[in-house]
Amino acid sequence: MDFDVAVVGGSVAGLQAALTLGRARRRVVLFDDGQARNRAAEHVHNYLGVADSAPGELLAAGREQVAAYGVEVGQSRVTDARAVDGGFVVGGERVRAVVLATGLWDELPEVPGIADGWGRSVVACPHCHGWEVRDQPLVQVGMRGFPDRSVARALLLSRWSDDVVLCTDGDELTSEQLQRLAAAGVGVRCERIAEVRGTEIALVGGEQLSARRVFVVVRQHQQSDLAERLGCQVVDGAVVTVGGRTNVPMVYAVGTTTEPALLAIGAAGHASTAAVAVHNDLLESDLRGRG
């Protein structure tokens, strides 16, 4: 085999898995296509020990760190992986084990202007970005057709500010939902949204809303179909794992690939734990071979 492990995905989860395995003296190749989910964000927040670095800065430091442990980093996107006798072929390399850290992509609401501000004036996660705009006017834009999710996000956001307005973009809400929002002090506008320009929201009919930041509901999708190609179980858009192990021997999934709700630091922690399992499984295989 060319390598012990191929790690597919070069964001925080993939880099942390590669770091842990490199430090365990495993031969590791990491494939990174440069399409990290948070690449549009201005800063990474809520990451212990990281002082609001830009995502690119954090990942560049990670690549430099893993290189010190002999991890080979390839700047390419893996579109195919297959099992072969005794292992797998991934990105043209023969490996004994595969770690999928391909992550997610975010489907944004179909509102003009949302994509233009994504990662800057428009964000999704209050735990990631709420502190920086605390106690300021905030607008939560819902995703049409998913009113329950829109209400839940607005209620969550109300913990950071007492000036929150939920724009449902045409979804009507139930009396129970309206009561819950009222109890949390959240205003509601059910008109369709004509356009979002920075932090200005234009409603159909001409009225304008202003906010310090626009939060949106997103739908999450797997960035890659490699898990399915390898025969891994995927349920509700997430690769099913136990301790990082998939149902396919020697194939693992880490970070948001398997746990979509993880924050960046959680994805790194999950990957570190799973990488220990990878090393232990390889060690057991080594010992069986020697026996």
**OP:** Could you name each residue pair satisfying salt bridge (Lys or Arg N to Asp or Glu O under 4.0 Å) that touches residues 143-166, not counting sequence neighbours?
**Re:** Arg144-Asp169

**OP:** Give a yes or no answer on whether the side chain of Thr257 reaches the backbone of Thr102 with a donor-acceptor pair at less than 3.5 Å.
**Re:** yes

Original post:
Looking at CG of Asp106 and CZ of Arg219, how far apart are the two atoms once the value is rounded to the nearest 0.5 Å?
Top reply: 12.0 Å

Original post:
Is the count of non-hydrogen atoms from other residues, nucleotides or ligands lying under 6.0 Å from Arg23 atom CZ greater than 12?
Top reply: no

Original post:
Going from CG on Asp52 to CG on Asn46, what distance comes out if it is rounded to the nearest 0.5 angstrom?
Top reply: 10.0 Å

**OP:** For the pair His270 (side chain) and Gly255 (backbone), establish whether a donor and an acceptor sit closer than 3.5 Å, ignoring hydrogens and angles.
**Re:** yes

Subject >> salt bridge (Lys or Arg N to Asp or Glu O under 4.0 Å) partners for Arg212, two or more places apart >> reply: none

Subject >> Asp4 side chain vs Val28 backbone, donor-acceptor pair below 3.5 Å >> reply: no

Original post:
Does atom CZ of Arg63 have more than 12 heavy-atom neighbours, drawn from other residues, nucleotides or ligands, at distances under 6.0 Å?
Top reply: yes

**OP:** Would you check if there is a donor-acceptor pair between the side chains of Gln16 and Thr20 at a distance under 3.5 Å?
**Re:** yes

Original post:
Got Gln136 and Arg213 here, is their nearest side-chain heavy-atom distance under 4.5 Å?
Top reply: no

Subject >> Tyr252 versus Ala97, closest heavy-atom pair with distance >> reply: CE1-CB, 4.1 Å

Original post:
For Arg120, does the CZ atom have more than 12 heavy-atom neighbours from other residues, nucleotides or ligands under 6.0 Å away?
Top reply: yes

**OP:** Nearest 0.5 Å please: distance from the CZ atom of Arg27 over to the CZ atom of Phe3.
**Re:** 8.0 Å

Original post:
Under the criterion side chain to side chain contact (heavy atoms under 4.5 Å, CB included), which of Val188, Leu156, Val186 is the partner of Val164?
Top reply: Val186

Original post:
What residue pairs, at least two apart or across chains, pass salt bridge (Lys or Arg N to Asp or Glu O under 4.0 Å) with a residue in residues 129-141?
Top reply: none

Subject >> Verdict with reasoning, Leu155 to Leu181, per side-chain contact (heavy atoms from CB on, under 4.5 Å) >> reply: CA-CA 7 Å; Leu155 292 173; Leu181 290 164; 3.8 Å; yes

**OP:** Tell me, yes or no, whether the heavy-atom count around His127 atom NE2, taken from other residues, nucleotides or ligands under 6.0 Å, exceeds 12.
**Re:** no

Original post:
When rounded to the nearest 0.5 angstrom, what distance separates CD in Glu191 from CD in Glu207?
Top reply: 6.5 Å

**OP:** Test side-chain contact (heavy atoms from CB on, under 4.5 Å) on Trp160 and Val133 and set out the steps.
**Re:** CA-CA 8 Å; Trp160 280 267; Val133 291; over 6 Å; no

Original post:
So, does Ser272 use its side chain to make a donor-acceptor pair with the main chain of Gly269 at under 3.5 Å?
Top reply: no

**OP:** Taking Gln177 for its side chain and Thr174 for its backbone only, find out whether a donor-acceptor pair lies under 3.5 Å.
**Re:** yes

**OP:** First locate atom OG of Ser11, then atom CD of Gln223, and finally report the distance between them rounded to the nearest 0.5 Å.
**Re:** 9.0 Å

Subject >> Donor-acceptor under 3.5 Å (Thr256 side chain, Gly103 main chain) >> reply: no

Subject >> Heavy-atom donor-acceptor pair, Asp80 side chain to Arg229 backbone, under 3.5 Å >> reply: no

**OP:** Let me know which of Val251, Val240, Thr258 forms a side chain to side chain contact (heavy atoms under 4.5 Å, CB included) with Thr246.
**Re:** Val251

Original post:
For Met143, does its backbone N or O pair with a side-chain atom of Ser150 as donor and acceptor, under 3.5 Å?
Top reply: yes

Original post:
Looking at CZ of Arg26 and CG of Leu282, how far apart are the two atoms once the value is rounded to the nearest 0.5 Å?
Top reply: 4.5 Å

Original post:
Are any of the side-chain nitrogens in Arg39 or Asp33 under 4.0 Å away from the carboxylate oxygens of its partner?
Top reply: no

